[in-house]
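Below is one structure, written out as structure tokens; the observations come after it.
Residue numbers run from 1 in the order of the sequence given.
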Amino acid sequence: MRKALFVLSFVGLLAGCISAYLFGITQPPLPPAFTPPTNPFPTGIYAEGILESDQPSGENINIYPEVPGTVKAILVSEGQEVRKGAPLLVIDDSVQRAIVDQQHSQWQASLTLLEELRAQPRKENLDVAKAQVDSAQASVKTAQDALLKQQNAYDLNPKSISRDALDSATNAAAVAKANLEVAQKQYDLIKAGAWSYDIANQEKQANALEKAYLSSSALLAKYTLVAPRDGIVMAVNVTPGSFISTQGAYDQYTEGATPVLALGSPPAYLNVRCYVDEILVPRLPAPSKIKAQMSVRGSTMKVPMEYVRVQPFISPKIELSNQKQERVDVRVLPLIFRVKKPKDVNLYPGLLVDVYIGEQDE
């Protein structure tokens with residue numbers, strides 16, 4: 001029994017020594033996945049930067065519709081290069097198209113009526129009026145002949161014709177003459193054509209309807225979003241069937257409005273917008289002496305940058321988080337640099353980079 005205990009104690013002691021030796025071995029540190037960026041300038045300023053498409057001013061082109069509606073079709077895909085004026089997205093325009101068709105018909109109808117007024121007198125109407133004048137002249141001749149006969153008979157023998165019959169014949173001749181005058185005036189009115197005031201009024205109505213049609217057509221064209229300039233589609237934030245408004249599209253993740261599409265410049269060049277802490281702003285070199293370098297995170301690449309401009313307004317640092325209601329105590333000054341896109345590294349707008357700003361040597 002004592003022998004067994006002695007053996008077990010010896011085995012336990014040996015195992016403890018071996019474990020202590022194994023756990024005491026120091027493992028060599030793993031090499032870093034990439035070399036951390038270092039400041040290349042003796043007194044350089046560090047700032048966080050974000051890649052953007054190359055724009056002469058502002059940031060990327062955010063595209064919003066000018067009319068609300070349901071997305072009918074998306075004609076481009078992300079990463080696709082487009083030319084200025086190329087259609088990007090179509091909004092359902094069935095109601096507006098019907099309005100345009102209606103106003104076009106009203107305009108055409110008003111033009112037809114205007115041409116009708118200008119074409120007067122119509123030959124057929126003029127022929128009818130002339131026939132009425134001829135008929136009225138014949139009636140005058142008949143009435144005058146009847147009056148002359150009765151007048152002659154009355155002059156020969158006043159008792160052969162009553163005075164009432166003679167008066168009736170006189171009145172009939174006067175009525176026939178008056179009817180002739182009415183028919184002649186009606187003929188002259190038709191022959192004169194449309195009144196100049198009626199033509200002018202119809203011209204103005206046709207002009208107003210034309211402008212209404214052109215206005216509706218211009219509004220109809222806004223149901224198709226087109227590229228405002230040459231560029232590349234960076235983001236499409238909607239799908240067919242989504243409802244969009246002039247505020248953009250609703251994002252269910254951020255619970256806010258986002259642009260329907262984002263358009264950037266062709267990827268040969270990129271802009272780097274970096275944010276310099278307000279405490280470091282007095283240390284910035286003069287614009288003519290600024291020299292900067294960008295380090296791409298996750299790689300050993302260091303890319304020199306060309307100074308473009310400064311956005312001369314210090315604002316709260318909310319750009320990177322995009323939280324407009326966030327309470328921020330740090331204020332920053334945006335500086336914009338330009339960099340040529342390397343061929344062997346994938347760089348995309350929106351990527352965070354490390355920026356070091358120094359001063360050129362004299």
Side-chain angles (χ1 to χ4, degrees), residues 66-69 72 90-224:
E66 297 185 48
V67 292
K72 184 177 180 180
V90 177
I91 304 173
D92 182 21
D93 59 358
S94 55
V95 175
Q96 184 63 27
R97 189 171 296 277
I99 294 175
V100 170
D101 292 341
Q102 177 190 8
Q103 293 185 341
H104 181 265
S105 298
Q106 291 175 340
W107 174 43
Q108 293 299 314
S110 67
L111 288 178
T112 302
L113 182 56
L114 178 60
E115 292 301 320
E116 177 187 346
L117 292 175
R118 289 173 175 171
Q120 291 183 15
R122 182 179 175 183
K123 181 180 180 302
E124 292 79 2
N125 292 339
L126 199 60
D127 292 342
V128 171
K130 185 64 172 63
Q132 291 175 343
V133 170
D134 294 340
S135 175
Q137 288 176 343
S139 298
V140 169
K141 183 66 170 60
T142 301
Q144 288 179 344
D145 290 344
L147 175 60
L148 182 59
K149 291 177 181 179
Q150 295 195 22
Q151 184 66 48
N152 291 334
Y154 182 82
D155 292 340
L156 292 174
N157 185 5
K159 294 183 179 180
S160 62
I161 299 297
S162 66
R163 188 66 187 178
D164 290 339
L166 183 61
D167 291 341
S168 296
T170 302
N171 292 336
V175 170
K177 186 177 180 180
N179 289 336
L180 175 60
E181 292 179 358
V182 172
Q184 185 63 48
K185 291 183 181 298
Q186 185 67 30
Y187 173 79
D188 294 339
L189 179 63
I190 295 176
K191 186 177 180 180
W195 199 15
S196 60
Y197 294 102
D198 290 337
I199 294 178
N201 179 63
Q202 188 59 33
E203 286 177 345
K204 294 184 182 300
Q205 289 188 16
N207 186 48
L209 290 173
E210 180 186 12
K211 292 185 181 303
Y213 163 69
L214 294 177
S215 175
S216 295
S217 298
L219 183 60
L220 178 63
K222 296 184 182 299
Y223 281 78
T224 299

| query | Roughly how far apart are Leu117 CG and Thr112 OG1, rounded to 0.5 Å? | reply | 11.0 Å

| request: Taking side-chain hydrogen bond (donor to acceptor under 3.5 Å, both in side chains) as the test, write out the residues that go with Ser139, two or more places apart. | output: none

| Under the side-chain hydrogen bond (donor to acceptor under 3.5 Å, both in side chains) rule, what pairs show up with a residue in residues 199-211, not counting sequence neighbours? | Arg118-Glu203

| field | Atom pair CG/CG of Leu147 and Asn171 - distance to nearest 0.5 Å | value | 9.5 Å

| remark: Across all chains, not counting sequence neighbours, the side-chain hydrogen bond (donor to acceptor under 3.5 Å, both in side chains) partners of Asp93 are Arg97

| Those residues that, when tested against Lys141, pass salt bridge (charged side-chain N to carboxylate O under 4.0 Å, His left out) (two or more places apart) | Asp145

| field | Partners passing side-chain hydrogen bond (donor to acceptor under 3.5 Å, both in side chains) against Asn152 (at least two apart in sequence or in another chain) | value | none

| task | Please test Ile99 against Gln96 for side chain to side chain contact (heavy atoms under 4.5 Å, CB included), starting from the C-alpha separation and ending with a verdict. | result | CA-CA 5 Å; Ile99 294 175; Gln96 184 63 27; 4.1 Å; yes

| remark: Glu116 meets the side-chain hydrogen bond (donor to acceptor under 3.5 Å, both in side chains) criterion, sequence neighbours left out, with none

| task | Hey, could you give me the CG/CD distance between Leu111 and Gln106, rounded to the nearest 0.5 Å? | result | 12.0 Å

| said: For Asp92, give me all partners under salt bridge (charged side-chain N to carboxylate O under 4.0 Å, His left out), at least two apart in sequence or on another chain. | reply: none

| request: Go through the structure and list residues passing side chain to side chain contact (heavy atoms under 4.5 Å, CB included) with Ala165, not counting sequence neighbours. | output: Gln150, Ile161, Ser162

| So, for Val140 and Ala176, which heavy atoms are closest and what is the spacing to 0.1 Å? | CG2-O, 2.9 Å

| remark: Applying ring-ring contact (aromatic ring centres under 6.0 Å, His included) to Tyr223 and not counting sequence neighbours gives none

| query | How would you list, by chain and number, every residue that makes a salt bridge (charged side-chain N to carboxylate O under 4.0 Å, His left out) with Glu66, sequence neighbours excluded? | reply | Lys222

| field | Pairs flagged by side-chain hydrogen bond (donor to acceptor under 3.5 Å, both in side chains) wherever residues 124-135 is involved - sequence neighbours left out | value | Arg122-Glu124, Lys123-Asp127, Lys130-Asp134

| Exam field: side chain Ser216 to backbone Tyr213, donor-acceptor pair closer than 3.5 Å | no

Side-chain atoms of residues 179-196: list all donor-acceptor pairs with protein atoms under 3.5 Å, sequence neighbours left out, distances to 0.1 Å.
residue	atom	partner	partner atom	Å
Asn179	ND2	Val175	O	3.3
Gln184	NE2	Asp188	OD1	3.3

| Where do Ile199 and Leu114 come nearest, in terms of heavy atoms and distance? | O-CD1, 3.7 Å

